[in-house]
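I have placed the structure first, in the form of structure tokens, so that the comments after it can refer back to it.
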Amino acid sequence: MKRNIVIATLTAAALATGGTVAAFAAGDDEATAAQRQTTTSAQAAMDRDDAADDRDDDATEDRTAVRGADVTAAEAIAAALKHTPGTAVSADLDDDGADAWKVSVVKGDGTEYDVRIAPDSGKVLGAQRDTDDDNDGDDRAELAAVKGAKTDAREAALAAAHKGTVTEVGIDDDHGTVAWSAETVKGTGHGEWNVALDTGKVTQDRDDDGDDA
């Protein structure tokens with residue numbers, strides 16, 4: 001009888017100990033999951049901060065670029081196409097600090113030229129063929145996207161100008177729909193916009209939460 005009591009006591013103790021171990025194990029799993037969640041949330045917050053810093057940097061660069069720029073994006077595109085006929089696929093005022101508009105024009109044979117336009121006078125400063133073979137696929141894709149579109153780069157720049165001073169126009173397909181993408185500055189605000197190829201309708205880029213509206 002005593003032997004059975006001893007066995008029962010040992011068994012109960014083992015079960016109790018096992019239960020305690022299991023409880024500690026469960027607690028460790030919950031703590032690890034909570035730590036992972038905290039780390040993920042912290043990383044997401046850092047990513048949002050980095051994106052906000054990038055937008056602030058873009059806004060500062062754009063505001064600096066438009067100072068003294070009397071020539072609009074639409075005028076720069078028109079001047080570039082007059083000098084180098086073809087299809088304009090982008091125009092950028094702030095090209096790595098260069099004091100000029102850079103308009104990318106794709107000719108009928110598929111060759112691309114970067115035409116530089118003086119931002120104060122609209123004078124053509126030069127045109128250079130883009131010989132980077134790595135961009136050939138992108139050039140053809142951009143040309144195919146805008147070929148036959150009702151809204152060209154110049155018209156997209158004119159449409160976006162209602163939102164502020166246009167500093168950049170190009171092709172965007174980030175959301176699965178090809179559209180013109182335009183960046184603007186207005187006062188201290190920086191805006192990013194999509195311009196529909198068929199209607200010319202301007203909508204705010206969904207990835208942008210700038211000050212303009």
Side-chain angles (χ1 to χ4, degrees), residues 55 58-107 112-127 130 138-139 141-175 177-187 189-208 210-213:
R55 285 193 295 271
D58 289 343
T60 300
E61 291 175 1
D62 288 348
R63 284 195 295 271
T64 301
V66 299
R67 293 172 185 169
D70 299 322
V71 177
T72 66
E75 292 169 342
I77 292 170
L81 291 176
K82 184 176 180 180
H83 179 272
T84 305
T87 301
V89 294
S90 68
D92 187 358
L93 178 59
D94 185 26
D95 180 39
D96 297 329
D99 188 20
W101 280 102
K102 186 184 79 170
V103 182
S104 296
V105 179
V106 180
K107 305 190 76 171
E112 180 177 1
Y113 286 81
D114 293 331
V115 185
R116 295 176 63 248
I117 307 294
D120 54 350
S121 65
K123 179 180 178 181
V124 176
L125 301 176
D130 186 353
D138 294 337
D139 296 342
E142 290 177 348
L143 186 60
V146 301
K147 188 175 182 180
K150 295 180 180 179
T151 304
D152 59 21
R154 186 187 70 84
E155 292 167 338
L158 287 173
H162 293 290
K163 302 296 185 179
T165 301
V166 178
T167 59
E168 183 176 345
V169 178
I171 295 296
D172 176 69
D173 61 354
D174 289 344
H175 304 301
T177 300
V178 179
W180 290 107
S181 174
E183 295 189 19
T184 62
V185 292
K186 185 177 181 181
H190 172 266
E192 297 182 10
W193 314 91
N194 291 324
V195 183
L197 295 179
D198 52 353
T199 64
K201 181 179 178 181
V202 181
T203 55
Q204 189 169 17
D205 192 311
R206 293 198 297 268
D207 291 337
D208 178 59
D211 298 327
D212 291 351

Thr184 vs Val166, side-chain contact (heavy atoms from CB on, under 4.5 Å): CA-CA, chis, key distance, verdict: CA-CA 4 Å; Thr184 62; Val166 178; 4.0 Å; yes
Criterion side-chain contact (heavy atoms from CB on, under 4.5 Å) on His190 and Glu183, from CA distance to verdict: CA-CA 7 Å; His190 172 266; Glu183 295 189 19; 3.2 Å; yes
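Taking every heavy atom of both residues into account, Pro119 and Ala100 meet most closely at CD-CA, 3.7 Å. Ala80 approaches Val105 most closely through the heavy-atom pair CB-CG2, 4.4 Å. Nearest heavy atoms, Val169 versus Ala157: CG2-CB, 3.9 Å. Between Gln204 and Trp193 the shortest heavy-atom distance is CA-CE3, 3.5 Å. Between Ala91 and Ile77, the shortest heavy-atom distance links the atoms CB-CG1, 3.8 Å. In terms of heavy atoms, Ala127 sits closest to Thr84 at CB-OG1, 4.1 Å.
Rounding to the nearest 0.5 Å places CD of Glu192 at 9.0 Å from OG1 of Thr167. To the nearest 0.5 Å, atom CZ of residue Arg116 and atom CG of residue Leu125 are 5.0 Å apart. Interatomic distance, NZ of Lys107 versus OG1 of Thr87, reported as 11.5 Å (0.5 Å rounding). The NZ atom of Lys163 sits 9.0 Å away from the OG1 atom of Thr203 when rounded to the nearest 0.5 Å. Note: Asn194 CG to Asp205 CG = 4.5 Å, rounded to the nearest 0.5 Å. We find the CG-CD distance between Leu158 and Glu75 to be 9.0 Å, quoted to the nearest 0.5 Å.
Contacts of Thr151 classified as side-chain hydrogen bond (donor to acceptor under 3.5 Å, both in side chains), with partners at least two apart in sequence or in another chain: none. Residues passing the side-chain contact (heavy atoms from CB on, under 4.5 Å) test with Thr199, sequence neighbours excluded: Ala196, Lys201. Asp172 pairs by the side-chain hydrogen bond (donor to acceptor under 3.5 Å, both in side chains) definition with nothing, not counting sequence neighbours. Under the side-chain contact (heavy atoms from CB on, under 4.5 Å) criterion, Ile171 pairs with Glu142, Val146, Val178, Trp180, sequence neighbours left out. Ala76 pairs by the side-chain contact (heavy atoms from CB on, under 4.5 Å) definition with Val71, Trp101, Val103, Ile117, not counting sequence neighbours. For Ala159, the side-chain contact (heavy atoms from CB on, under 4.5 Å) criterion is met by Val195, Val202, not counting sequence neighbours.
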